[in-house]
Protein chains: 2
Amino acid sequence: MATNETREKILDAAESLFARQGFGATSLRTVIAEADVNLAAVHYHFGSKEALIRAVFSRRLAPLNAERLRRLDDIENDAAGAAVSIERLLDAFIRPAVVLAPGGTDEAPILTLLFGRLHTEPGNNLPQLIYDQFDDVVTRFVEAFTRALPDLPLDELYTRFHFVIGTMASSFADPQRLAYVSRGRVDRRDVESLITRMITFLAAALRAPATRPHGAEATVDLSSATGDPIGAGARE
Amino acid sequence: MATNETREKILDAAESLFARQGFGATSLRTVIAEADVNLAAVHYHFGSKEALIRAVFSRRLAPLNAERLRRLDDIENDAAGAAVSIERLLDAFIRPAVVLAPGGTDEAPILTLLFGRLHTEPGNNLPQLIYDQFDDVVTRFVEAFTRALPDLPLDELYTRFHFVIGTMASSFADPQRLAYVSRGRVDRRDVESLITRMITFLAAALRAPATRPHGAEATVDLSSATGDPIGAGARE
DNA sequence: GTCTATATGGGGATAGAC
DNA sequence: GTCTATCCCCATATAGAC
């Protein structure tokens with residue numbers, strides 16, 4: 001058997017299992033069973049489980065983020081300095097995680113789950129290297145959103161980008177929840193609908209007027225949504 | 001030492017550790033070290049780790065969901081049949097997870113993290129009992145949002161509620177990400193700001209016009225956000 | 001109810017033959 | 001490069017004295 005074939009089989013199996021179960025819950029023995037290789041091969045090719053995890057991400061992370069940046073470049077070139085659409089920015093950020101997915105099973109695409117897990121598992125476990133690869137994307141997209149939303153205070157823009165990542169990651173990482181919430185009435189395999197609905201949802205969210213500081217007056221009806229709104233203090 | 005004191009110490013330590021590290025990554029040995037009790041005490045009082053996890057949730061879940069429903073009742077009584085504010089509904093859903101938090105550390109409230117984790121760890125691990133306790137809340141809030149957003153197709157409403165839970169859970173579960181995205185410029189300990197901003201964000205998102213079906217014409221500018229938007233098909 | 005001691009299994013990792 | 005056999009640690013869980 002060719003060397004790289006074993007390596008790839010391990011990566012494929014690990015990727016699939018990590019995506020479905022998370023890293024901690026997936027043992028190397030499970031991986032080698034699914035890959036149909038020997039346990040020692042994992043350590044020969046990767047050295048450790050930690051290194052295997054990093055290898056699984058490295059294989060996908062660079063192409064994913066490169067594709068995001070490439071699409072962002074296209075958008076900004078098209079605009080030629082003019083304002084760009086929030087929807088296009090969101091699409092460029094979200095869709096590559098799905099488009100680049102290798103094997104769609106009956107469920108959601110593997111890669112989607114894998115990267116969803118990246119953002120939802122405890123941050124301490126994530127090698128800095130992975131976040132490093134994300135730096136350019138964060139910087140560039142924050143800049144782009146800043147230009148597209150010039151009236152939004154920076155603090156709130158950062159917070160909203162945090163929400164965007166959270167919506168994307170969590171919704172992809174736990175597709176079961178959609179079935180649960182909808183009592184099975186929404187097809188969780190229709191990823192295209194999920195993406196377009198997510199973009200509609202997030203674009204409107206990003207365009208919301210800024211939240212006023214504590215105690216100040218709102219420009220929209222938020223009167224009951226802030227500042228001890230429903231008597232939290234009096235209720236203890 | 002009184003019996004219940006040991007039990008409570010175990011629950012407190014487990015809750016804190018589960019919140020910070022997740023369930024799989026937290027061993028009983030870590031729990032007993034932090035609780036300063038004997039290993040056997042855990043099995044005496046709870047029987048198993050699985051049972052301990054359920055006990056940790058049970059202690060908080062009922063009060064949390066009861067508070068959510070109580071606030072929803074208040075809102076609907078106030079409205080007396082009239083339309084209710086999206087912001088108030090979101091507040092009633094989100095805020096109890098923070099208000100009921102016992103010990104705010106320097107970081108985000110423990111309970112917030114714990115329940116964030118509930119929705120982000122792989123669904124298979126979550127005892128059905130926990131989801132069962134959530135059923136009433138889902139049903140009641142979906143109904144309320146349906147009445148508040150009568151023009152939104154049900155399919156999309158379910159999907160958006162899925163996004164709402166995702167935003168809340170993921171944003172609370174990984175507060176580090178906010179610091180990362182903002183390069184430390186947003187104070188992640190200011191939970192009140194986080195909540196009000198989240199409500200602003202999600203209310204606007206829920207109010208967005210429905211996404212049009214595949215290929216149809218949009219009522220807002222979505223022309224580039226759907227349907228092979230940036231040449232995904234031609235790019236392979 | 002609380003402890004010590006221990007059973008039992010699974011985990012990652014490695015040595016060394018082939 | 002691949003395999004078997006094994007080391008060693010850490011996990012959950014239990015038995016049984018106090």
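Throughout, a chain's letter reflects where its sequence line sits, starting with A, and its residues are numbered from 1.
Nearest to the side chain of B:Ala40, among C:dC3, D:dA13, D:dT2, sits C:dC3. Minimum atom distance to the side chain of B:Tyr44 is reached by C:dG1, of the listed C:dG12, C:dG1, D:dA13. The side chain of A:His45 sits closest to D:dT2 out of D:dA13, C:dA13, D:dT2.
Between the CG atom of B:Leu39 and the C1' atom of C:dA7 there is a distance of 13 Å, given to the nearest Å. Here C:dT14 presents its P atom at 15 Å from NZ of A:Lys49, a figure rounded to the nearest Å. What separates CD of A:Gln21 from P of C:dG10 is a distance of 15 Å, to the nearest Å. Across the protein-nucleic acid pair, B:Ile32 atom CD1 and C:dA5 atom P stand 14 Å apart, rounded to whole Å.
Between A:Asn38 and D:dT4 there is a side-chain polar atom (N or O) within less than 4.0 angstrom of OP1 or OP2. Using a 4.0 Å cut-off, no side-chain N or O of A:Thr6 falls inside it from OP1 or OP2 of D:dG1. Listed pair B:Ser27 / D:dA11 meets the phosphate criterion, a side-chain N or O lying under 4.0 Å from OP1 or OP2. Taking side-chain N and O atoms only, A:His43 has a distance below 4.0 Å to OP1 or OP2 of C:dA13.
Checking B:Asn4 against B:Arg7 by side-chain atom types alone, no donor-acceptor pair falls below 3.5 Å. Checking B:Arg177 against B:Ser170 by side-chain atom types alone, a donor-acceptor pair falls below 3.5 Å. No donor-acceptor contact under 3.5 angstrom links the side chains of B:Arg160 and A:Thr200, judged on distance only.
In this model, no side-chain donor or acceptor of A:Arg29 finds a partner on the base of C:dG10 within 3.5 Å.
Between A:Phe134 and B:Tyr180, the ring-plane angle classifies as parallel under the 30° and 60° cut-offs.
Of the residues near DNA chain C, A:Thr30 and A:Gly47, the one whose nearest nucleotide (by heavy atom distance) lies more toward the 5' end is A:Thr30.
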